[in-house]
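What follows is a single structure, written as structure tokens, with notes after it.
Since this is a predicted model, take the numbers as computed values, not measurements. All chains are named by letter (A, B, ...) in the order of the sequence lines, taking the proteins before the strands, and each is independently numbered beginning at 1.
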Number of protein chains: 2
Amino acid sequence: MGNSAGLSAPGAGREPRSEKAEETRERILDAAEKLFARHGFYGVTVRQITRDAGVDVALAHYYFGTKMGLFDAVFFRRAEILNRERIASLNRYEGNPGAGGPSVEGVIEAFVGPMLDIWAAGGNGWSNYFALLAQVNNTPDWGGETMARYFDPVIHRLLDVLRTVLPGATEEDLLWCYQFLSGAMLLAFAQTGRIEKLSDGRMKSSDVAAVRARMPRYIAAGFRAICVGNSPPLYP
Amino acid sequence: MGNSAGLSAPGAGREPRSEKAEETRERILDAAEKLFARHGFYGVTVRQITRDAGVDVALAHYYFGTKMGLFDAVFFRRAEILNRERIASLNRYEGNPGAGGPSVEGVIEAFVGPMLDIWAAGGNGWSNYFALLAQVNNTPDWGGETMARYFDPVIHRLLDVLRTVLPGATEEDLLWCYQFLSGAMLLAFAQTGRIEKLSDGRMKSSDVAAVRARMPRYIAAGFRAICVGNSPPLYP
DNA sequence: GTCTATAGCTTGATAGAC
DNA sequence: GTCTATCAAGCTATAGAC
């Protein structure tokens, strides 16, 4: 699914757009982001999107060609930002790992931190986008491929840094652990309302602080349990 | 989404069905399971399902009323089995935790084991079903609610057993850790093809043994890191 | 850039013959 | 139980006026 290649912007390099046009484009993207995140690609019609955006149906096709083109544009818009932030964070961490030197926790925090910061900074757009990522990540057949197309460079960068703090880890161990990380992280970001149900309304899916306090340590412990020595696990 | 209440079978208590009719019903369910898993509820038409099943369109409505009724029936069919197996496994473990006495690893294995066994035993039906679960689990708004309706009793049972091996854990810690477990586990079961892409084809999403060797220990380590003491984590 | 109008299909669902 | 036939509604996408 999707056909914009790699990390080059779909529709990039166009002549300068008028301010009004740019705003219209963004309104369509925002509405599409929200609705795709909630109901998936097929659960939404172009008409619903443009109605939500307050613009004419035909404009969606004018700006994005097809419904799929619109989906790709939504997916791409924030992927670019996300990738930049996470690469920068990993680079910063490698350059200066802090007091006790590099650690698994540190690397995971450097990777997850930017997303937590963005989430904490608020904005419905990002919340919707995270929910969309979780859905695509868990879509069989083309989900893995789509995630790979947009995010694999960052993930390979993460794996490189992880290898420096987990020198004995096998490739299999590292990749499976990343898969677990990916599932745990994106479900937490998706805000599905499950935690509300389980806790009888006492806890909130939107509690960023709660996730920040637990997720990096949870994930780092998992990596160490698998990638350091073997059963029984050793904790250096 | 969905409206069959609790764990009572939708359409249960009907008069005895003929064998041929029962087979037709199952064929529709199998096709629907496969296609819903691959493309989501809205990504599939009733016509595609019945075509795949080799039966007439009208029969889907005859047996299941609406498209949503069909979806509910698909979701319910295996949920019942899954719940029974997991409850039985947790009971067995509580009755006989094995040599070293009860442990976090043991509880997690008792919970995840039945799903790994079912997966290992093969059958496309179950693979499709797991993929469907992963999708619903990651669906915002109604995903959490739907999962809760079908699976919360088992999860509360799991949490009860976990409390006995993690006596000091707070409710918040336990529930967030479960949320991470849920995301990691279902993504691994969804076979999205991501691991193939990341490993350049050297690893397979369908490698049950690889998941069995790692996931329980990964998850147990995460629980211990969060639910035992506080930073820095202590490993008993 | 924006809108109207519409082409050309497909959809979920049902009525009724067999 | 199964199939044919069909309906009303909604869909993506486009052509062309402004």
Parallel, tilted or perpendicular: ring planes of Tyr129(A) versus Trp126(A), cut at 30 and 60 degrees: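 Ring orientation of Tyr129(A) relative to Trp126(A): perpendicular.
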Mutual orientation of the aromatic rings belonging to Phe76(B) and Tyr150(B) [parallel < 30°, tilted 30-60°, perpendicular > 60°]: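 The arrangement is tilted - the two ring planes meet at 30° to 60°.
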Side-chain touch Arg51(B)/Val57(B), heavy atoms, less than 4.5 angstrom: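 Heavy-atom side-chain distance check fails, nothing below 4.5 Å.
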Phosphate contact (dT2(C) OP1 or OP2) by Thr24(A) side-chain N/O below 4.0 Å: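 Yes, because at least one side-chain N or O of Thr24(A) sits under 4.0 Å from OP1 or OP2 of dT2(C).
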Below 4.0 Å: OP1/OP2 of dT2(C) and any side-chain N or O of Tyr63(A):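 Tyr63(A) to dT2(C) OP1/OP2: side-chain N or O found under 4.0 Å.
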Distance in angstrom units between [X] [atom1] and [N] [atom2], rounded:
X        : N       : atom1 : atom2 : answer
Leu59(B) : dA15(C) : CG    : C1'   : 15 Å
Arg27(B) : dT2(D)  : CZ    : P     : 11 Å
Leu70(B) : dT11(C) : CG    : C1'   : 15 Å
His61(A) : dG16(D) : NE2   : P     : 17 Å
His39(B) : dT11(C) : NE2   : P     : 13 Å
Phe64(B) : dG1(D)  : CZ    : C1'   : 14 Å
Tyr42(B) : dT10(C) : OH    : C1'   : 17 Å

Atom NZ of Lys67(A): over 12 foreign heavy atoms under 6.0 Å: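 Counting other residues, nucleotides and ligands, NZ of Lys67(A) exceeds 12 neighbours.
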Residue [X], side-chain atoms from C-beta onward, closest of [options]:
X        : options                 : value
Tyr62(B) : dT2(D), dG1(C), dT2(C)  : dT2(D)
Lys20(A) : dT2(C), dG1(D), dT2(D)  : dT2(C)
Thr66(A) : dT2(C), dT2(D), dA13(D) : dA13(D)

Any donor-acceptor N or O pair under 3.5 Å, side chains Ser205(A), Glu196(A):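 Yes, side-chain donor-acceptor contact under 3.5 Å.
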Thr192(A) and Asn138(B) side chains, donor-acceptor separation under 3.5 Å: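 No.
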Sort me out a list of protein N/O and nucleotides 4-11 of chain D N/O pairs below 3.5 Å, or just none if empty.
unit_1  : atom_1 : unit_2   : atom_2 : d
dC11(D) : OP1    : Thr45(A) : OG1    : 3.2

Aromatic centroids of Trp119(B) and Phe189(B) separated by under 6.0 Å: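 Yes, the ring of Phe189(B) comes within the 6.0 Å limit of the ring of Trp119(B), centre to centre.
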